[in-house]
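One structure is given below, encoded as structure tokens.
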Amino acid sequence: MDQECIFVHEFIDEEAQNWFHRHVLHTNRDKQDWTFKEVLIRLYNHFVNAATMQEAQEAFQTAVYDAQTGIQTFYEELIGHAQNMAMYPDEFTIQETFLDGIPAEMRRVLIRDDNLSPEVNTVTEFLVYAIRYEQSAHTATHYDQRSSRHAQEHRQPVK
């Protein structure tokens, strides 16, 4: 057994420690000569891999747009979750999840006003138009607020 293996138990939680003692340290273990790399791979496959992939799938399916972080961040998070899934989703699934996760008003504008269609356009094209939508919404909000302040400053009191 590699010397590094002896210290592994200090860095893992209780359930992983039980597995480690049963499979790596116990005198009646099946495999006698473990390498550090083999221990890490087995721990990963047993405890991390399945849970991480399941969490990634759930996070992918439930991801939603957040106006504070923006559409680009939403898209990148969606792709990040997809990359951690056991089976990478197809383009159409990514696009459907993207469209389900954005606000209804944004989705309506992309489909109705920008004439995008999930059957014809890619998720990247939807993203480009969604970024434009977001930018124009920010600009409109800025000028609405500016106009409102300007109108309040120039109001004449009624005598």
Between Ile102 and Tyr75, is any pair of side-chain heavy atoms under 4.5 Å apart?
-> no
Is there a donor-acceptor contact under 3.5 Å from the side chain of Glu125 to the main chain of Thr122?
-> yes
More than 12 foreign heavy atoms under 6.0 Å from CG of Asp30: is that the case here?
-> no
Any sub-3.5 Å donor-acceptor pair from Arg29's side-chain atoms to His26's backbone N or O?
-> yes
What about Trp19 and Ile41, same hydrophobic cluster or not, with Ile/Leu/Val/Met/Phe/Trp/Tyr joined at side-chain heavy-atom distances under 4.5 Å?
-> no
By side-chain contact (heavy atoms from CB on, under 4.5 Å) - contacts of Tyr129 (at least two apart) | Leu110, Asp114, Leu116, Arg132
Drop me the distance from Glu38's CD to Asp33's CG, to the nearest 0.5 angstrom.
-> 9.0 Å
Might you point out which heavy atoms bring Pro89 and Phe60 nearest each other, and give the distance in Å?
-> CG-CZ, 3.8 Å
Yes or no on side chain to side chain contact (heavy atoms under 4.5 Å, CB included) for Met106 and Ile71, after CA distance, side-chain angles and deciding distance?
-> CA-CA 10 Å; Met106 183 186 292; Ile71 194 70; 4.0 Å; yes
Could you walk me through whether Met85 and Gln57 pass side chain to side chain contact (heavy atoms under 4.5 Å, CB included), step by step?
-> CA-CA 6 Å; Met85 292 169 57; Gln57 183 173 354; 4.0 Å; yes
Yes or no on side chain to side chain contact (heavy atoms under 4.5 Å, CB included) for Val123 and Thr97, after CA distance, side-chain angles and deciding distance?
-> CA-CA 10 Å; Val123 69; Thr97 306; over 6 Å; no
Indicate the atoms forming the closest heavy-atom contact of Ala130 with Phe98, along with that distance.
-> CB-CZ, 4.3 Å
So, Glu77 side chain and Phe74 main chain: donor-acceptor pair closer than 3.5 Å or not?
-> no
Roughly how far, to the nearest 0.5 Å, is the CD atom of Glu55 from the CG atom of Asn84?
-> 10.0 Å
Is the shortest heavy-atom distance from the side chain of Pro118 to the side chain of Leu99 under 4.5 Å?
-> yes
Crowded around Arg108 CZ? As in, over 12 foreign heavy atoms under 6.0 Å?
-> yes
How about Thr93 and Asp90: does a side-chain donor come under 3.5 Å of a side-chain acceptor?
-> yes
Residue pair Gly70 / Tyr65: nearest heavy atoms and the distance that separates them | C-CE1, 3.5 Å
Approximate separation, where rounding is to 0.5 Å, of His23 NE2 and Asn28 CG | 12.5 Å
Give a yes or no on this: more than 12 heavy atoms of other residues, nucleotides or ligands lie within 6.0 Å of atom CD of Glu15.
-> no
Report the C-alpha distance between Glu91 and Gln95 in whole Å, list the side-chain angles of each, state the deciding distance to 0.1 Å, and finish with yes or no for side chain to side chain donor-acceptor pair (under 3.5 Å).
-> CA-CA 6 Å; Glu91 181 75 18; Gln95 186 173 43; over 6 Å; no
Consider only side-chain heavy atoms of I, L, V, M, F, W and Y, link residues closer than 4.5 Å, and tell whether Tyr143 and Tyr133 are in one cluster.
-> no
From Thr139 atom OG1 to Glu134 atom CD, the distance as rounded to the nearest 0.5 Å = 11.0 Å
Hydrophobic cluster identity match, Phe20 and Leu40, side-chain contacts under 4.5 Å = yes
Considering residues at least two apart in sequence or located in another chain, which fulfil the side-chain contact (heavy atoms from CB on, under 4.5 Å) criterion with Tyr88?
-> Ile79, Ala82, Gln83, Ile94
Will you find, in the side chains of Gln54 and Glu58, an N or O donor that is under 3.5 Å from an N or O acceptor?
-> yes
Any chain of hydrophobic side-chain contacts (each under 4.5 Å) joining Leu127 to Phe92?
-> no
Hey, is the main chain of Leu25 close enough, under 3.5 Å, to the side chain of Trp34 for a donor-acceptor pair?
-> no
Close side-chain approach of Val8 and Phe36, heavy atoms under 4.5 Å | yes
Distance in Å, Lys37 NZ paired with Arg42 CZ, rounded so as to fall on 0.5 Å steps = 15.0 Å
